[in-house]
Structure formats: structure tokens, C-alpha cells
Amino acid sequence: MTMLVCSGLRFASDSLATPLKARYYSYNTLDATLVITKKHKKVTLIGLNRPEKKNAVNIQLLNELETALTKFENDASSYVGVLYGEGGNFCSGYDLEQLASEEQSKILLSSSLIKRYVKKPLVAALSGYGVGFGFELALWCDFRLMEDTALIGFYGRRFGIPVSKWSLRRLQCAVGITRSMDLLLTGRGIQALEAHKYGLLVDTTQCGTVLGQALSLANCIAKFPQASLLADRAQVHELTFNPHESELGSIHEEYVKNSELAYRILTKGKQIYSISSEWCWKEMTMSSTKLGANMGF
């Protein structure tokens, strides 16, 4: 049984996997909603819902995913998001039928979703295929958990589909340039053990249990004070990925500025500095007066 260790606490996935699968996995191919969301305590589950197409991303799904993420960010009661795929697959990449259309392919490939900075942590629960743009979505998340039978990789290589520079930056930060070149230029797929060895994953899970594990990890993150957690996360994104988002540079500073403890320390420091400066000025003035008198001024 695969275990997750977080802050000294162990979470077993087996007890969660069955009810979660029955509760959240939907196989209704007639559902017009291509992105479904569920709340579980302080965690929002965001599911890609095109199981008949292995959750291939079309324009409608892309728009709905952006809307779902915006709602998640604006929900003050939700601290962490879990991105997963319905029907046993995470995401098989772009919809090839829409890529065949010049107009639709331009919309898909020019989407700003993948370079968007999401203000709250995201966990990717990888099952089945997580290839092409699906792999990019996984890299976009802060954490990745992967079932032992799942497969990830840049399968768009065989179709001539380019990879976003944002995804390449994230991949290089995670695995280094040599392994990045390997995955990018060969377009080969890798399974969970190799992905974990490369440093792409937090952990591997048994088949059918990844959503339970992801939810456990998300709940673990959600229990901490969020202001400092989000500030530190923003600092890591700024220093590591350099996404050139103006809001990032000030998030950590704003937290320190608004922190009650930091405020007290800074205020006390200013008082001490003010008193010291005043005392030093008086001493200097008195010394100068004495020196001037001695010199006959």
C-alpha cells in the first residue's frame, strides 16, 4: 500500500480510493460540461470531463478550465486545487480534429492558460495518459502524483505540435537540461518509476488510487496557515520560473509587511532606531559644543 508522508503524518490511499472513485469519477459522455468541480472540505477537485476522447483538450474545455480556475482562486474557503481526469485518463493532449483546422488550432496554441500564475497550490493526479498538452498541464501544477500504470511524455512531437516555452522552463527546472532534451526531442513516454527517478513526481501510487492520494496531500497543505504558505510559494515561483508577473514580486513583501509579528518587530526596530538616533545626535551636539568651547569658538 502506497503511503504519503507529510509533516510527520502518514496518509493511506486505499481507504480513500474506492469511495472517491465512486463519488467523483463520472463516465457520462453526454454531459455537456467538459470541466467539473467538486468541493471536499478546503480542497477543490477540478476534473477534465471528456472521457470518450481521453480528455483531449478542445476550445470549449480550455475555456471552461480557465473559468473553473478563476472561481477556485476567488473562493476564499478553498485553499488547494486537485486537477485530474475523468474516465481513467488525465489528458491525452490537444484535440487533433481541432488542430487540423487552421482557425481553431491558432486559438488552441495561442492560449495563455499554461503561462498563467495560479495563486493557490495545484496538485496533478495523473492516471492513464498524461501526454502532449496533458504533460504540460501536469508540469504546470505544483505537485504531481502518478499511478504506476500511467504514461507521460511529449507525444505531440510525432504530430509536429510545439511545446510552450513555459512548460520547457518548468521541465528544465525539474529534471535538468539533459533529461529535458531526452523527453523533448525523442517524444518518448515514461512511466511512474522513471518519472519519480527524474524528480517529476512527489510519489507514485497504485492503479485507481491517485485521486485519493492527491486529496490527502491537498488536505495536508490546506491545514497550514495560508498567508505565509502562499507568500513563500510565490517567492519560489518568482525565483525559479521567473514568469515576469508583476504581482509575484510584491506578494512576499506584502505578507511580511502585513504580518502582525513582523509589524511588531519592524515597529520596535524603528522605535529603537529613532531613540538611538536622537541620543546619538544629542551626544554629537554636546561633544561638538564642548570641542568648540575648548578651541575658543
Requested in this report: Indicate whether any N or O donor in one side chain lies under 3.5 Å from an N or O acceptor in the other, for Ser111 and Arg116.
Outcome: no
Query raised in the report: Are any non-hydrogen side-chain atoms of Arg157 and Arg188 less than 4.5 angstrom apart?
Result: no
Query raised in the report: Is Arg233 paired with Asp142 through a side-chain N to carboxylate O contact shorter than 4.0 Å?
Result: yes
Report task. Any chance you could lay out the side chain to side chain contact (heavy atoms under 4.5 Å, CB included) test for Gln98 and Leu62, step after step, and finish with the verdict? Result -> CA-CA 12 Å; Gln98 289 198 349; Leu62 203 59; over 6 Å; no
Report task. Quick one: list whatever passes side chain to side chain contact (heavy atoms under 4.5 Å, CB included) with Ser180, sequence neighbours left out. Result -> Leu171, Gln172, Val175
Report task. Could you give me the CA-CA distance, side-chain angles and deciding distance for Ile152 and Met146, then say whether side chain to side chain contact (heavy atoms under 4.5 Å, CB included) is met? Result -> CA-CA 9 Å; Ile152 58 176; Met146 185 173 173; 3.9 Å; yes
Query raised in the report: Would you find a donor on one side and an acceptor on the other, under 3.5 Å apart, between the side chain of Thr209 and the backbone of Gln206?
Result: yes
Query raised in the report: With distance as the sole criterion, is a donor-acceptor pair present between the side chains of Lys106 and Ser101 under 3.5 Å?
Result: no
Query raised in the report: Do the side chains of Leu99 and Phe159 get nearer than 4.5 Å, heavy atoms only?
Result: no
Query - Heavy-atom closest contact (Cys220 atom, Lys223 atom, distance) - result: O-CG, 3.0 Å
Query raised in the report: Between Thr67 and Asn63, is there a donor-acceptor pair closer than 3.5 Å when you use the side chain of the first and the backbone of the second?
Result: yes
**Report entry** Worked verdict on Val163 versus Glu136 for side chain to side chain contact (heavy atoms under 4.5 Å, CB included)
**Finding:** CA-CA 8 Å; Val163 179; Glu136 294 191 57; 3.9 Å; yes
Report task. Step through it carefully: locate the ring centre of Tyr84, locate the ring centre of Phe90, and say whether they are under 6.0 Å apart. Result -> no
Requested in this report: Taking the side chain as every heavy atom from C-beta outward, state whether Leu137 and Leu113 have any pair of such atoms under 4.5 Å apart.
Outcome: yes
Query raised in the report: Relative to Phe72, does Lys120 satisfy both conditions: NZ or CZ under 6.0 angstrom from the six-membered ring centre, and within 45 degrees of the ring's axis?
Result: yes
Requested in this report: For residues Gln191 and Thr149, report the shortest heavy-atom separation together with the two atoms involved.
Outcome: NE2-O, 4.1 Å
**Report entry** Polar side-chain atom of Glu64 near backbone of Ile36 as donor-acceptor pair, under 3.5 Å
**Finding:** no
Report task. Tell me, please, which residues at least two apart from Asp148 pass salt bridge (Lys or Arg N to Asp or Glu O under 4.0 Å). Result -> none
Query raised in the report: Do Ile190 and Leu200 have side chains that get closer than 4.5 Å, going by heavy atoms?
Result: yes
Report task. Run the numbers on Val210 and Thr204 for side chain to side chain contact (heavy atoms under 4.5 Å, CB included), then give the verdict. Result -> CA-CA 8 Å; Val210 70; Thr204 63; over 6 Å; no
Report task. Taking salt bridge (Lys or Arg N to Asp or Glu O under 4.0 Å) as the test, write out the residues that go with Arg144, two or more places apart. Result -> none
**Report entry** Pair Lys53 + Glu97, salt bridge at N-O below 4.0 Å
**Finding:** yes
Query - Glu194 and Tyr198: side chain donor to acceptor below 3.5 Å - result: yes
Query raised in the report: With side chains defined as the heavy atoms from C-beta onward, is the minimum distance between Ile114 and Arg170 less than 4.5 Å?
Result: yes
Report task. Locate the shortest heavy-atom distance separating His196 from Val202; write the atom from each residue and the value. Result -> NE2-O, 3.6 Å
